[in-house]
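Here is the structure we will look at.
The model shown is predicted, which means the values in this text are computed figures rather than measured ones. Here is how names work: the chains are called A, B, and so on, in the same order as the sequence lines, proteins then strands, and each is numbered from 1.
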Amino acid sequence: MSHKHRGKGAYSKHGRRETDDFHLYEGSTSDKSRGRKDRGAKDRSPHRKDKQSHSGPSHPPGLKGKEIGLYYRDKQKAKNARKDDTVTLKLHPSTERQIKDLIDVPKSSYDKHFNLKDVGDDTSFESRYNHINESQFKKKFLSIITGTLNENLEKALAEKSKLVRNERLDIQLLDELAEQQAQPRYKKMMEFRMKLPAYEKKQDIINLLSSNQVILISGETGCGKTTQVAQFLLDYELECGRGSTTNIICTQPRRISAVSVAERVAAERADRLGNSVGYHIRLERKLARPYGSVTFCTTAMLLQFLQMDPALKNYSHIILDEIHERSTQSDFIITLLKQILPRRPTLKLILMSATLNSEQFSKYYDKCPTLHIPGFTYPVEEYYLEDVLHLTNFKFEENIVYTNGKKRMKKQEAANDTFEKFIGPYIRQLQHTKKYPQRVLDQLKNPKSEELSIDLVFELVRHICSQKNNPGAILIFLPGVMDITKLHRQMQDSHFFPSSRYDIYPLHSRMPTIDQKRVFQVPRNEVRKIIIATSIAETSITIEDVVYVIDCGRTKLTNFQVKNNLDTLDSEWISEANALQRKGRAGRVKAGICYHLYTKCRAAAFDKYPLPEMLRTRLDEVILQVKILQIGKADRFLASMMDPPEAKAIDLSLKLLRELNALDEKENLTPLGYHLARLPLDPRTGKMIIWAAMFSCIDPVFSIAASLSFKDAFYCPMNKEEEARKKKLELGQNQYSDHIALAEALSTYEELSSQPGNGAYSFCRKYFLSWNTLKLLSDMKQQFARYLCEMKFLANSNPKDGSANTNSLNKSLVKAIVCAGLYPNVAIVKGVTKNGIRCVTTEEEKVKLHISSINDKARSFPSPYLTYYLKRKSTGIFLFDTTCVSPWALLFASPNANGAISSKSNKSIIKLGPMLQFNCESGTAHIFQKLHKKLDALLENKINHPGTIDWNSNEGNILRAIILLLSVGDENMGVDSGRYDYSVTYDENSASDLDD
DNA sequence: GAGCACTGC
C-alpha cells in the first residue's frame, strides 16, 4: 500500500476511480503518463472555457475617451461581484466520504500525541519544549536556543582543537618545504613571484603580523596579494617549526577565484592540490591537510564552518580577501570576528582590500596597522564625454519638450533646471580653457547627454576603429542585456563592422558558459575583437588583451525599498571604484585608453563605493544566521556593523520570520526556524523542501527550490526568443507554471545524463537550457537530500529515492507545495491585455507578468491565483516566475486559514485577506478546517520530532486526504462538481479598469 | 508595446 501512489490519474472529479493504474515514481515522466496528463488538464473540465471568443467593442454608443474606460470598469466590477456570488468551493459527496474515511478514525494515542501544551510567555525554553521527546534533535536545538555567543565560545574553547603541536610533524613539514623549494619547477615559479610588488613586502607583512593580531593589507589588482600573502605566512610558520599548528584559511568572494587561486598557488609551490594547498566551495572541494596548509574557500563557506566551529579553533590565520566589495557575507564575518578575536588571542586576522576604502576597515578594527602594496598595471589614458563629443562630432537628439499635458512639461522643465545648475558651472569652466569648441559645449547642455546613447557608443567604436595602427581589443561596458543586444544588432546591421575584420561578442551572465568563454579566443590576424559586456567584465571575467575600454558610466543595481517593502532593479551611475576598475581593464598587457561617456564633472559627483550589499537586500537569511550562531538580538548585532542596516529593514525581516513560524515572539528560533537556519536556502524555499519531504515528492520540489535559490537554467538566446519560449512552454505541459517547467527540464536532463551518449547535451541545446546550471542544480538537490537526511526528515540522501517520491508525479500537489513555500506571495489575475497579464498582489499592488514567465502569453487561466517567488520593480513591477494554483492550494498554504472561517447556515466564508476570500459550502468548510488542523499538528509534530512519514499510519491517511483534496481541487478549480462553473477566462475588455 | 546587474551557502 505504501508504495502505491495516487497520482492525478487515480482520481476523477467524481471521487475515486478504482483502477490499477497507479504510478510508481521512477525519477522521470514516462511518455505514457505525460500524454494522459495532458489530456487530463483539459478533457476533464468540460465547464472550463479555455478560450473565450470575444466579440469586439460592445460599449454603448456615444461614450468617449475615459467614459468608455469607466463603463468597462463598472461592468467588470459587476461581473466580479456576480462571480464572487456564484463561486462556492464544494466537494463532491463521494470525495467528502473518502476524506472522512481517511481521517475519521477512533481516538487513538496518535491524536493525543498531537495535543500540544499551551505554554505561556514566561515559561523557560526547556519547559516550553518539554513535550518534545528526548532526542538528538532536542539536545541540539535547546543548546542553540538557550546559549549566548559568549557561552557558546566558552564551550567551544573548552573542546579540543585539531591544531595540536607535534614536533616530529613540524620537522617533517620543514623538510618537505625544503624539498619543494629545491625543485626546478618551484624555482622557475619563484622567478616570476619575485617580480610581484607583493614580494617586496614579504618581511614587512610577517613583522607586522607578529606584533599585531589584525592587520590590513591594501593593494590594487596585479600586486599579487591574493596569491602571495597566504604563502608568506605559511612558509614563515613552516620555517619556524610551527607547521603542525598552522592552518590558514583565505576567503574569496567567488567560486571561480577560490578554485583558480588554489590551483595557481599549488603550482607556485610545486605541490599538488590537496596537500599544502586546497580549496573548498559548495559542492566541490579538494581539501588540504588540516595542518601546515592554506585553504581557499568562498566567504559563504567560512560562515558555514562557523556553525560547527564557532571559535574557529581549527584555524590559525584567517585571510579575508576583497572585503572592499562589501558583500553581505564578508560584512557579516568582519563584524562577528571582531567579537571572536578577543577570546582567541592566537588567531591572526588579515584583511585585504582595495586602496580606496581601506581606511574605513582599519578604523573599524580599532585602527589596526595598514600595509600598502602598490599595484602594477600599464598607464591608461582617460577621456571624458566632452573629449568623446569632440572626437566624434556626435550630436544628441534634440530634447523633446512635451506639450501634451501640463504636468509632464513641468516635470521636464524641473529636471532641466537641476541639470542646468549641475552642468552650467562646469561648462563655463570649460569655456575658459578654450579646449573645446562651442558645439561640444552646446551638446553638454542637452540633458540627453546624461542618458545612455547607444548611437554615441556606436560612433565612438567607429572612431577607434578608423584610427590607423592601433590594434587591440575593445571592451564596452553597458548596463544590461537589452542595451548589449541593441548595440550588437546595430553593429551587425551596419556595413562598418564586417565579420571579416571584426569579432563581436556580447557578454553577460544569462548566456551559456560556452559562449562566455568565446571572448577569450585570440582573433585572426588583422581582426579586431570587440566585447560588449555588463559589469560581469569588471571583476568576474578578465579579458587580458583589452586595450580600449568604453565605460558608459552606468550599471544596474538591485535595491530594497524599505518604505514599500519592494525589490527594485534600476540603472544607476557607477561609483568611483567601479570607474577605476573599468579603466584598469584597459591596461593589463600594455598601455591603453579608457573613454568615459560622462563628463568629468559627473565623475566628480560619483560615490566613492557602491552601497554595501547589506543595505540593499532583505535580511531574512542574515537574521537566521545571527540566530543559529547564537549572536543574540538581531538589531544589536546588525547595529554593530560598519554600515548598519535600517531598523525598519530588520523589523520587516523579523516580521516575516515570525509569520513563517521560524522565530517566536521573543525572537528566539523555533524548532522550524532551527531547521530552516541550517539549510543553505532562504527560509521560504527551505520550508518548501521540508514540506516536500513530508508529502513524498522531493525530486520535483528540490529542483524548483534549487532553481529559485540559484538561477534560472533557461538562458536567453539572441534572436531566438520566440523559439525558446515555445520550448519552455512545451516543458510546462499545460500546467501554467514556470516552476513545473523547470522541474521537468531538470528531471529530463538528469534522466538523459544517466544514460550513455550525449542526450543531455542535445536536450539542453534544443530547449535553450544551460548545461552548467542544470548540473549545479542537480548537485544542489543532492545536497538538500543530505541535509534533510541528516535532519532525519528523509530516510536516505538520494533525491531520487522511491519512497521519498511516491507523489512526485502529482503536479497538483507539487504546485500546492510550491505555493505553501512562497505564501503569501500570491497575485490575482485581473485581466489579459495586449500589453500582458495584469495582476494585483495580496497587498493590492498592480503588477505585470515578466516576459520570462511561461504565463505571460497565456490567454486564459484555470485559476486566477498565481504564486511567485520574485517580484521586482524596474520599468514596472513584474512577477518573474509564476505558478497558477487552485484555491485549495492557497487555503492549505495559509498558516491561519483556520482562524479565517466564518459560517452562516450552510454557507461559510474563508477570508485569507482582503483580496483572498472564498465562499465555501459549510460541509466542505468543516472538512477543510478539520484537515488543516490535523496538518498543522502533524507538521508541528514532525518538526519537533524529525522523522519520516509512516504512510501506513494515521499520519499517512491525513496526508493522503489532503493530496486527494488538492488533486480534485486542481482539476476543477476547487469545485468538485459540475454544478458550478468556475472557469476564469479573461478578455481584453475586462481589463480596461486597469489600463487607465 | 516591450524585458532579468553580479555573486553565494
Q | Separation of B:dG3 C1' from A:Asp570 CG (nearest whole Å) | A | 14 Å
Q) DNA chain B: A:Arg616 or A:Asp682, which has the more 5' nearest nucleotide? A) A:Arg616
Q) What is the distance, rounded to the nearest whole Å, between atom CD1 of A:Ile333 and atom P of B:dC9? A) 12 Å
Q) At under 4.0 Å, does any side-chain N or O of A:Thr875 touch on OP1 or OP2 of B:dG3? A) yes
Q) Just how far, in rounded Å, is P of B:dC9 from CD1 of A:Ile256? A) 12 Å
Q: Would you kindly compare A:Tyr787 and A:Arg510 by the position of their nearest DNA chain B nucleotide and give the one closer to the 5′ end?
A: A:Arg510
Q) Closest to the A:Thr298 side chain: B:dT7, B:dC9, B:dG3? A) B:dC9
Q) To the side chain of A:Ile536, which of B:dC9, B:dT7, B:dG3 is closest? A) B:dT7
Q: Measure the distance from CZ on A:Phe878 to P on B:dG3 and round it to the nearest whole Å.
A: 4 Å
Q: From the options B:dC9, B:dT7, B:dG3, select the nucleotide whose nearest atom is closest to the side chain of A:Ala300.
A: B:dC9
(Q) Which nucleotide wins on minimum distance to the side chain of A:Ser540, given the candidates B:dT7, B:dG8, B:dC9? (A) B:dT7
Q) To the nearest Å, how far apart are A:Leu679 CG and B:dC9 P? A) 15 Å
Q. Can you tell me how far P of B:dG8 sits from CG of A:Asp779, to the nearest Å?
A. 15 Å
Q. OP1 or OP2 of B:dC6 less than 4.0 angstrom from a side-chain nitrogen or oxygen of A:Thr534, does that happen here?
A. yes
Q: Tell me what A:Arg254 touches on the nucleic acid: a base, only sugar-phosphate, or nothing, going by heavy atoms under 4.0 Å.
A: sugar-phosphate
Q: Could you check which of B:dA5, B:dC9, B:dT7 has an atom nearest any side-chain atom of A:Val481?
A: B:dA5
Q | Separation of B:dG3 P from A:Lys871 NZ (nearest whole Å) | A | 18 Å
Q.
Is A:Ser509 close enough to B:dA5 that one of its side-chain N or O atoms is under 4.0 Å from OP1 or OP2 there?
A. no
**Q.** Minimum-distance nucleotide to A:Glu613 side chain [options: B:dG3, B:dT7, B:dA5]
**A.** B:dT7
Q. Contact class for A:Glu621 (heavy atom, under 4.0 Å): base, sugar-phosphate, or nothing?
A. base
Q: Please tell me which of the listed nucleotides, B:dC9, B:dA5, B:dG3, lies nearest to the side chain of A:Lys556?
A: B:dA5
Q.
Categorize A:Thr558 for me: base, sugar-phosphate, or nothing, with a 4.0 angstrom heavy-atom threshold over every strand shown.
A. base
Q | Check: A:Glu613 side chain, A:Thr328 main-chain N or O, donor-acceptor pair, under 3.5 Å | A | yes
**Q.** Salt bridge flag under 4.0 Å for residues A:Lys556 and A:Glu572
**A.** no
(Q) If you compare every side-chain N and O of A:Arg554 against the phosphate oxygens of B:dA5 (OP1, OP2), does one of them come in below 4.0 Å? (A) no
Q: In whole angstrom, give the distance that lies between atom CE of A:Met308 and atom P of B:dC9.
A: 18 Å
Q.
If the threshold is 4.0 Å, N to carboxylate O, is there a salt bridge linking A:Glu325 and A:Arg254?
A. yes
Q. Is A:Asp567 salt-bridged to A:Arg872, going by a charged N under 4.0 Å from an acidic O?
A. no
(Q) Is any side-chain heavy atom of A:Ile550 closer than 4.5 Å to one of A:Leu597? (A) yes
Q. Passes side chain to side chain donor-acceptor pair (under 3.5 Å), A:Tyr869 versus A:Asp682? Steps please.
A. CA-CA 11 Å; A:Tyr869 179 70; A:Asp682 76 283; 3.1 Å; yes
